[in-house]
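Report on the structure given below.
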2 protein chains.
Amino acid sequence: MNAPVRKGRKYDQVLEGARSVFMREGFEGASVDQIARDAHVSKATLYSYFPDKQSLFLAVITHDCEMQARGAMSEDIVQKPVPEALYAIAHSFVSFFLTGFALQMFRLCVAESMRFPELGRAFYETGPQNAQNQIIAYLETPRARAELEIEDSYVAADQLLQMCRTDLLLKRLFGVVGDASEDEIDRISREAVATFLARYQRRP
Amino acid sequence: MNAPVRKGRKYDQVLEGARSVFMREGFEGASVDQIARDAHVSKATLYSYFPDKQSLFLAVITHDCEMQARGAMSEDIVQKPVPEALYAIAHSFVSFFLTGFALQMFRLCVAESMRFPELGRAFYETGPQNAQNQIIAYLETPRARAELEIEDSYVAADQLLQMCRTDLLLKRLFGVVGDASEDEIDRISREAVATFLARYQRRP
DNA sequence: CGGATATTAAACCGATCGGTTCAGTTCGGC
DNA sequence: GCCGAACTGAACCGATCGGTTTAATATCCG
């Protein structure tokens, strides 16, 4: 479906040019002429790699979805005391969600997922679902289990993650405010962990 | 900017036709020819009401943003015991966020807010900010204050709201699952309130 | 270097785009 | 009924769209 016809010498240039234009203009707004110009290739070259605009779009954007997936939680974090580990986890998610890359990926995938269902799925699986699974894995480590009392780690992970996606994220998404400060990210992370622990920490 | 040139006999038809096409296709994907057809008016009529496609889009969509704003919290809710009131509030937000209208408004505004900054602002103010303010107003009622201990009602309201916007909402947004069941909505609401109260309820 | 492959620029195609024009028709109010 | 306002359908405009073609040129590898 989104497989290239072939890969030639300028394949990476095409991907890069396409990414830049699609991320800025969306699918409908991006013209193939503009993509070819930005990629510094001829349109014929572009069409020698991809059968059509849709295939190019899906190839580029689903690849970018995969860039957002994270590997396993680092051993450093797992070894920290639970409140500190949770803070580090929250902080890293809050920070990531507020990056230009994450914001624009989210916008683009929200906009296009009805027209390209496989994109919606790819985004969800490499993004939200992957994040969820990371936290669930952490919550099920022996250390976390010793200090937390959780009946349903899916719900707990979901809540923690959602408290990392705050009003500030919505403001950024809709262009109401500019860049976030470290103070804001720190505050959101601390408050998320505080509420999380209020519910799930074992009582002595 | 998005003020109509004039309002004639078929003005409402134009708004309705435009809404339907813009909501389905987005700004770039919607053609003026298609809008005129759906509205059962001639293109000339349409252009006699609005100077251009952008103006029509902004008029229609910012008006729809205003449809999502809510009035003050009902007196019934305010009179309930706090846990029950919070549950009713959470439940109504979870339900609303999962409606077809809210989902499609969110998608469209996310997609177009960079190109139309005033739309991003209108959406944020009539949507997320308005919801936030509703909850803050509730949290500051005498009854809620008597039972909750909250240092910062903005943060508390933000967290409650975010726990109403769960993984399920993301799944719906990206088209990964179908309609939500009442059980799911109920579960999300209960869990959100449980976590909220774990942190903010006064200890006896 | 030579040959095969990759790429190019320019032109093309049919279709659609947002916006404009206009003679004719319809509608509503007096 | 009359008249002015509103609306129409069809055609138009210049521009752009995604995709195609082709002779010429550039690149790479043995």
Side-chain angles (χ1 to χ4, degrees), chain A residues 1-62 108 111-112 114-116 118-119, chain B residues 1-62 108 111-112 114-116 118-119:
Chain A
M1 178 59 188
N2 53 330
V5 171
R6 69 180 192 92
K7 296 189 182 187
R9 287 179 212 140
K10 297 199 170 183
Y11 188 76
D12 289 340
Q13 269 170 253
V14 168
L15 291 187
E16 197 50 51
R19 170 184 298 116
S20 137
V21 181
F22 282 135
M23 288 287 251
R24 196 172 60 231
E25 311 288 348
F27 176 74
E28 287 280 347
S31 76
V32 179
D33 278 332
Q34 183 62 55
I35 289 167
R37 260 192 313 271
D38 276 26
H40 304 291
V41 303
S42 73
K43 207 156 71 161
T45 299
L46 192 154
Y47 276 101
S48 77
Y49 301 155
F50 292 96
D52 52 41
K53 186 181 175 184
Q54 287 93 300
S55 304
L56 174 60
F57 178 74
L58 278 170
V60 171
I61 305 301
T62 53
L108 187 60
E112 305 297 346
M114 293 297 107
R115 186 185 294 135
F116 297 95
E118 63 220 278
L119 177 59
Chain B
M1 183 60 192
N2 53 331
V5 171
R6 70 181 191 93
K7 296 189 180 184
R9 285 176 214 142
K10 297 200 170 181
Y11 187 76
D12 290 340
Q13 270 171 251
V14 168
L15 292 187
E16 197 49 52
R19 169 185 298 115
S20 134
V21 180
F22 282 136
M23 287 286 251
R24 197 170 63 231
E25 312 286 347
F27 177 73
E28 286 281 345
S31 76
V32 180
D33 278 332
Q34 183 60 57
I35 289 167
R37 262 194 310 275
D38 275 28
H40 303 292
V41 303
S42 73
K43 210 157 70 163
T45 300
L46 192 154
Y47 277 100
S48 78
Y49 300 156
F50 292 96
D52 51 43
K53 187 181 174 186
Q54 286 93 300
S55 304
L56 175 59
F57 178 74
L58 277 170
V60 171
I61 304 302
T62 55
L108 187 60
E112 307 297 345
M114 293 297 108
R115 186 183 296 132
F116 298 95
E118 63 221 277
L119 178 59

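Naming: A, B, ... by sequence-line order, numbering from 1 per chain.
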Is the closest side-chain heavy-atom distance between B:Tyr49 and B:Val41 below 4.5 Å?
-> no
Mind checking whether A:Phe50 and A:Leu15 have side chains closer than 4.5 Å, heavy atoms only?
-> yes
Shortest non-hydrogen contact from B:Ala30 to B:Val21?
->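 Looking at all heavy atoms of both residues, the closest pair is CB-CG1, 3.6 Å.
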What's the shortest heavy-atom distance between A:Ala18 and A:Val60, and which atoms?
->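 Nearest heavy atoms, A:Ala18 then A:Val60: CB-CG2, 3.8 Å.
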In whole angstrom, what separates B:Phe50's CZ from C:dT20's P?
-> 15 Å
Side-chain N or O of A:Ser42 closer than 4.0 Å to phosphate OP1/OP2 of C:dT8 = yes
Could you tell me whether the phosphate oxygens of C:dA6, OP1 or OP2, come under 4.0 Å of any side-chain nitrogen or oxygen in A:Tyr11?
-> no
Sequence neighbours excluded, which residues qualify as side chain to side chain donor-acceptor pair (under 3.5 Å) partners of [X]?
X: B:Arg24; result: none
X: B:Lys10; result: none
X: A:Arg9; result: none
X: A:Ser42; result: A:Thr45

What does nucleotides 21-28 of chain C look like as a protein-contact string, B for base, S for sugar-phosphate only, - for none, at under 4.0 angstrom between heavy atoms?
-> B-----BS
Could you work out, with side-chain contact (heavy atoms from CB on, under 4.5 Å) as the rule, every residue matching [X], not counting sequence neighbours?
X: A:Arg115; result: A:Phe27, A:Glu28, A:Glu112
X: B:Met23; result: B:Arg19, B:Asp64, B:Phe101, B:Gln104, B:Met105, B:Leu108
X: A:Ala111; result: B:Ala111

Check every nucleotide of DNA chain D for an atom under 4.0 Å from a heavy-atom of chain A, then give the first and the last such nucleotide from 5' to 3'.
->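 Span of nucleotides near chain A: D:dC17 to D:dC28.
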Residues forming a salt bridge (Lys or Arg N to Asp or Glu O under 4.0 Å) with A:Lys43, sequence neighbours excluded | A:Asp33
Stretch residues 30-41 of chain B: residues that reach within less than 4.0 Å of DNA chain D through a heavy atom | B:His40, B:Val41
Taking atom CD1 of B:Ile35 and atom CZ of B:Phe22, what is their separation to the nearest 0.5 Å?
->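 Those atoms lie 3.5 Å apart.
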So how far off straight is the helix from C:dC1-D:dG30 to C:dC30-D:dG1, going by the axes through five pairs at either end, to 10°?
->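 The two end axes of the helix from C:dC1-D:dG30 to C:dC30-D:dG1 meet at 30°.
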Given DNA chain D, 5'-ward residue of the pair A:Glu28 and B:Gln13, judged by closest heavy atom |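 Here B:Gln13 is the residue nearer the 5' end.
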